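Report on one structure; see the data block that follows.
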Amino acid sequence: MSAYLQYCGLDIGKKLIGPKRGNIKGHFEDELFVRFHKDVLKKNKQHMFLPEEIGFDEKDKSNARQLIDSQDKTSLWGWKDPRTIIFLYDWEAILGEKAKYIFIYRPPDQVVDSLLRRNTDLILRFNPFIAAKSWLLYNQRIVNFCRETGRNFALFNFDDILKEPRHLVYFINKDELYQINEKKIEEIYDSNLFKKNIGLWRSKLVNIIYRKQFNSLWSQLEGLRIKNENTLS
């Protein structure tokens with residue numbers, strides 16, 4: 001989705017993390033924001049998969065403001081880094097009403113299988129159940145943030161965007177001086193890179209054990225998505 005928004009004209013950073021094993025087209029993540037989040041996690045001795053409740057200290061807040069001030073304000077811009085979820089309230093305090101938050105969620109069984117199949121994270125090799133716990137933690141934080149703030153967010157099921165990408169573009173362009181251009185998502189999306197069939201036995205086991213928790217949180221995500229649909233028409 002970050003690749004698609006960049007294709008539509010959204011500035012997502014000048015120096016992006018390139019292709020790596022498990023993501024052959026690149027991550028489309030701004031190195032500056034990724035490095036900043038990693039530094040905060042490291043300083044607090046936390047891992048991105050299962051972080052405790054942490055926030056920015058005064059130095060972090062200063063560095064975050066410098067990151068924002070360094071951006072080109074002559075076009076619509078943003079960044080993508082899953083670690084942002086850990087620090088949503090810190091970023092909201094810094095950005096205020098200027099920010100728009102786009103949350104995209106995928107079925108937990110697909111996410112778990114993807115994390116385990118790419119085999120790039122040592123922590124998951126030793127404990128595959130962390131993949132499930134991480135999906136639950138991140139998406140629960142998304143749900144809590146959307147419920148508590150109630151503004152400037154759009155929640156999308158991944159498949160919805162594939163069918164109607166105009167809703168995503170509309171949300172970004174709404175009430176903005178600068179605009180991005182809606183383009184055909186088929187020109188950037190490669191369905192061959194997304195596997196929906198769960199093939200690994202480890203993935204199947206994890207999904208069976210966490211099925212009840214997955215279903216509960218999935219219902220919450222879907223409920224918020226439907227509730228938010230009236231702002232995307």
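Sequential numbering from 1 along the given sequence is applied to the chain's residues. Just the heavy atoms: all of them, side chains too, but no hydrogens, waters or symmetry mates, feed the values below. Computed from a predicted structure; not experimentally measured.
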Are [X] and [Y] grouped together when hydrophobic residues (ILVMFWY) are joined by side-chain heavy atoms under 4.5 angstrom apart?
X	Y	answer
Val34	Leu95	no
Leu5	Leu177	yes
Tyr4	Phe28	yes
Phe49	Leu217	yes
Ile17	Ile104	no

Determine whether more than 12 heavy atoms belonging to other residues, nucleotides or ligands lie under 6.0 Å from atom [atom1] of [X].
X	atom1	result
Glu97	CD	no
Glu52	CD	no
Glu53	CD	no
Lys73	NZ	yes

For the [atom1] atom of [X] and the [atom2] atom of [Y], what is their distance to the nearest 0.5 Å?
X	Y	atom1	atom2	answer
Arg125	Asn119	CZ	CG	4.5 Å
Leu205	Leu200	CG	CG	11.5 Å
Ile130	Ile123	CD1	CD1	3.5 Å
Leu155	Ile226	CG	CD1	10.5 Å
Leu115	Arg202	CG	CZ	10.5 Å
Ile94	Ile68	CD1	CD1	7.0 Å

Side-chain donor/acceptor of [X] to backbone N/O of [Y], under 3.5 Å:
X	Y	value
Lys80	His27	yes
Thr149	Phe145	yes
Lys133	Leu50	no
Asn63	Asp60	no
Lys183	Cys8	no
Trp135	Arg106	yes
Asp190	Asn192	yes
Ser219	Asn215	yes
Ser216	Gln213	no
Asn152	Lys98	no

Working note: Lys15 + Leu32, criterion side-chain contact (heavy atoms from CB on, under 4.5 Å); need CA distance, chi angles, decisive distance, verdict.
CA-CA 8 Å; Lys15 189 176 182 182; Leu32 294 176; over 6 Å; no
Kindly give the heavy-atom pair with the smallest separation between [X] and [Y], and that separation in Å.
X	Y	value
Gly9	Ile180	C-CG2, 3.7 Å
Pro51	Leu137	O-CD1, 3.7 Å
Asp109	Asn207	CA-OD1, 3.2 Å
Leu224	Cys146	CD1-CB, 4.1 Å
Gln220	Val143	OE1-CG1, 3.7 Å
Ile142	Phe103	CG2-CG, 3.6 Å

Can you list the steps and then say if Phe171 with Phe156 is a ring-ring contact (aromatic ring centres under 6.0 Å, His included)?
CA-CA 11 Å; Phe171 173 74; Phe156 294 100; 7.1 Å; no
Ile86/Gln46 under side-chain contact (heavy atoms from CB on, under 4.5 Å): CA gap, chis, key distance, verdict:
CA-CA 11 Å; Ile86 303 168; Gln46 298 295 316; over 6 Å; no
Please work out whether the ring planes of Phe56 and Trp91 are parallel, tilted or perpendicular, with thresholds of 30° and 60°.
perpendicular
Angle class for the Phe33/His37 ring planes (parallel below 30°, perpendicular above 60°, tilted otherwise)?
tilted
Do [X] and [Y] make a side-chain contact, defined as non-hydrogen atoms from C-beta onward lying under 4.5 Å apart?
X	Y	result
Glu148	Tyr89	yes
Leu41	Ile54	yes
Met48	Pro82	yes

Given Asp11, Asp72, Asp30, Ile12, the one that forms side chain to side chain contact (heavy atoms under 4.5 Å, CB included) with Trp77
Asp11
Quick one, Ile185 with Met1, criterion side-chain contact (heavy atoms from CB on, under 4.5 Å). Give me CA distance, side-chain angles, the key distance, then yes/no.
CA-CA 9 Å; Ile185 200 166; Met1 291 301 102; 3.8 Å; yes
Salt-bridged, Asp81 to Arg83, with N to O below 4.0 Å?
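Answer for the salt bridge query: yes.
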Looking at Lys38 and Glu31, is there a salt bridge between them, counting it only when a charged N and a carboxylate O are closer than 4.0 Å?
no
Quick check on the 6.0 Å ring-centre criterion: do Tyr105 and Trp218 meet it?
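Ring-ring flag for Tyr105/Trp218: true, centres closer than 6.0 Å.
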Show, in sequence, the C-alpha distance, side-chain angles and deciding distance for Trp79 and Thr84, and conclude whether the side chain to side chain donor-acceptor pair (under 3.5 Å) test is met.
CA-CA 9 Å; Trp79 77 87; Thr84 306; 2.9 Å; yes
